[in-house]
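Working notes, beginning with the structure itself.
None of the values given here were measured: they were computed from a predicted structure.
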Amino acid sequence: MADQLPQVLVLRPPPVFALFETQFSQKFHFLRAWESPLPTAEFLATHAASVKAVLCSGGTPITADILRHLPSLQLIVTTSAGLNHINLPECQRRSISIANAGEIFSDDCADLAVGLLMDVLRKISAADRFIRAGHWPIRGDYPLGSKLGGKRVGIVGLGSIGLEVAKRLEAFGCIILYNSRRKKANISYPFYSNVCELAANSNALIICCALTDETRHMINKEVMKALGKEGVIINIGRGAIIDEKELVQCLVQGEIGGAGLDVFENEPDVPKELFTLDNVVLSPHVAVFTPESFSDLYDLMVGNLEAFFSNKPLLSPVLDE
């Protein structure tokens, strides 16, 4: 029965695959490279002629070498919204289609971004630690946090996630500014083509853009200096968009006011200097992970694969904007 199902290659199982493995396996026959005793190259060579579709996560690099071993590949379905793990030029050269998570994660990412910003400003996690350590009766009242309403928030990357962040923060009375690859039509928020100028005019920066060659270390020391000693950085994009060494130095030296970080440059390794800073809130790359989003993601991944094998349009194709 399994041999009659459409065949899909999985190099390493995405988290959604582990959660919905039984349901997935009723619809597709999965080639499980991670379970094979063969080296990856040998495993791929064994199935090279038959593999037309790959399911992967953002943690599985789809390199030019992997693609070279898959001459019949026509589709990559990634469970991530970001595409920095896929060799896009090679996919374009070979006309390999790509489907991603689309806007499935936008709400959850936006929620966490706002939560991190509120936590840093109002010192929620730090105050929690203060009480648990028994300091309140001894040291007295905890230092005041800062109001969210009225803050000027610069959003870097006004895509589907950035727009959801803006919508939420407007409800709190924040003033929204943004930077994007280009000015958005029908968007009234002030646009800054230069990230440094955006930082200089903002109380907080929220990083929502994709990681590309252009955005790697885009948030550098110059941007942080422009943000200033009271400024806060929130990152729900990718760790390497920020120059992490410079960020750590700026935080330790008090050159920016705080940070809320869900992503890091060398995950799962996080700079230990951040562990002792009360103005930093850390989250282990979980912005997109809720039971609700995983259920929606399963439906979307299945929908994309079924569409491909039925010669129908993909549900969430990645378009070159």
Side-chain angles (χ1 to χ4, degrees), residues 58 78 80-84 100-121 148-220 223-224 226-227 231-242 247 259-263 281 283 285-290 293 296-297 316 318-321:
T78 178
S80 62
L83 303 171
N84 56 289
N100 71 347
E103 299 182 3
I104 290 288
F105 298 137
S106 298
D107 283 341
D108 290 328
C109 277
D111 288 348
L112 190 71
V114 174
L116 288 171
L117 178 59
M118 193 177 296
D119 195 336
V120 175
L121 290 175
L148 176 59
K151 290 288 188 293
R152 296 173 62 85
V153 180
I155 297 176
V156 181
L158 201 69
S160 60
I161 295 172
L163 282 169
E164 290 298 327
V165 171
K167 183 168 74 176
R168 285 155 173 74
L169 289 176
E170 274 195 301
F172 282 100
C174 294
I175 300 158
I176 306 299
L177 314 87
Y178 78 101
N179 163 271
S180 212
R181 283 177 293 177
R182 53 183 170 269
K183 194 176 190 299
K184 303 279 184 178
N186 304 318
I187 295 291
S188 61
Y189 309 135
F191 169 71
Y192 291 80
S193 59
N194 183 290
V195 180
C196 252
E197 290 180 13
L198 178 70
N201 285 278
S202 300
N203 303 116
L205 287 183
I206 299 184
I207 314 304
C208 301
C209 62
L211 175 61
T212 65
D213 289 341
E214 290 74 30
T215 63
R216 184 176 296 274
H217 285 190
M218 176 173 65
I219 308 301
N220 54 24
V223 174
M224 295 178 221
L227 186 61
V232 171
I233 291 178
I234 305 298
N235 193 3
I236 54 162
R238 287 290 185 269
I241 296 170
I242 298 178
L247 174 65
L261 308 171
D262 182 57
V263 289
V281 179
S283 171
H285 202 151
V286 293
V288 302
F289 295 156
T290 65
S293 68
D296 292 342
L297 181 63
S316 58
V318 176
L319 302 176
D320 182 10
E321 297 180 1

* Between the main-chain N or O of S293 and the side-chain N or O of T290, is there a donor-acceptor pair closer than 3.5 Å? -> yes

* Nearest heavy atoms of G157 and C209, plus distance in Å -> CA-CB, 3.9 Å

* Asked: Has the side chain of D262 got a donor or acceptor atom that lies under 3.5 Å from a matching backbone atom of V286?
  -> yes

* Would you find a donor on one side and an acceptor on the other, under 3.5 Å apart, between the side chain of N100 and the backbone of A81? -> yes

* For I234 and A113, which heavy atoms make the closest approach, and how far apart are they? -> CG2-O, 3.9 Å

* **Closest approach of T78 to G58 (non-hydrogen atoms, all atoms of both residues)** => OG1-N, 4.2 Å

* From CA spacing to verdict: side-chain contact (heavy atoms from CB on, under 4.5 Å), L297, F105 -> CA-CA 8 Å; L297 181 63; F105 298 137; 3.7 Å; yes

* Asked: Donor-acceptor pair, T215 side chain versus A210 backbone, under 3.5 Å?
  -> yes

* Asked: Does any non-hydrogen side-chain atom of L121 lie less than 4.5 Å from one of K151?
  -> yes

* To do: Applying side-chain contact (heavy atoms from CB on, under 4.5 Å), name anything that partners N179, two or more places apart in sequence or on another chain.
  => V156, V195, L198

* Go through the structure and list residues passing side chain to side chain donor-acceptor pair (under 3.5 Å) with Y192, not counting sequence neighbours. => none

* To do: Quick one: list whatever passes side chain to side chain donor-acceptor pair (under 3.5 Å) with N84, sequence neighbours left out.
  => R238

* **Side-chain heavy atoms of I206 within contact of V114, under 4.5 Å** => no

* To do: With the side chain counted from C-beta on, respond yes when M218 and I207 share a heavy-atom pair under 4.5 Å apart, and no when they do not.
  => no

* Asked: So which heavy atom on S180 is nearest to which on L158, and how close?
  -> OG-N, 3.5 Å

* Could you tell me whether a side-chain N or O of R152 sits under 3.5 Å from a main-chain N or O of L177, the two making a donor and an acceptor? => no

* Not counting sequence neighbours, which residues clear side chain to side chain donor-acceptor pair (under 3.5 Å) with K167? List them please. => E164

* **Atom pair CD1/SG of I219 and C196 - distance to nearest 0.5 Å** => 8.5 Å

* Asked: Quick one: salt bridge (Lys or Arg N to Asp or Glu O under 4.0 Å) pairs with a partner in residues 108-118, sequence neighbours left out?
  -> D111-R168

* To do: Check ring pair (Phe, Tyr, Trp, His ring centres under 6.0 Å) between F172 and all other residues, then give those that pass, not counting sequence neighbours.
  => none

* Is a side-chain N or O of Y189 found less than 3.5 angstrom from the main chain of I155, in a donor-acceptor match? -> no

* Mind checking whether V165 and L117 have side chains closer than 4.5 Å, heavy atoms only? -> no

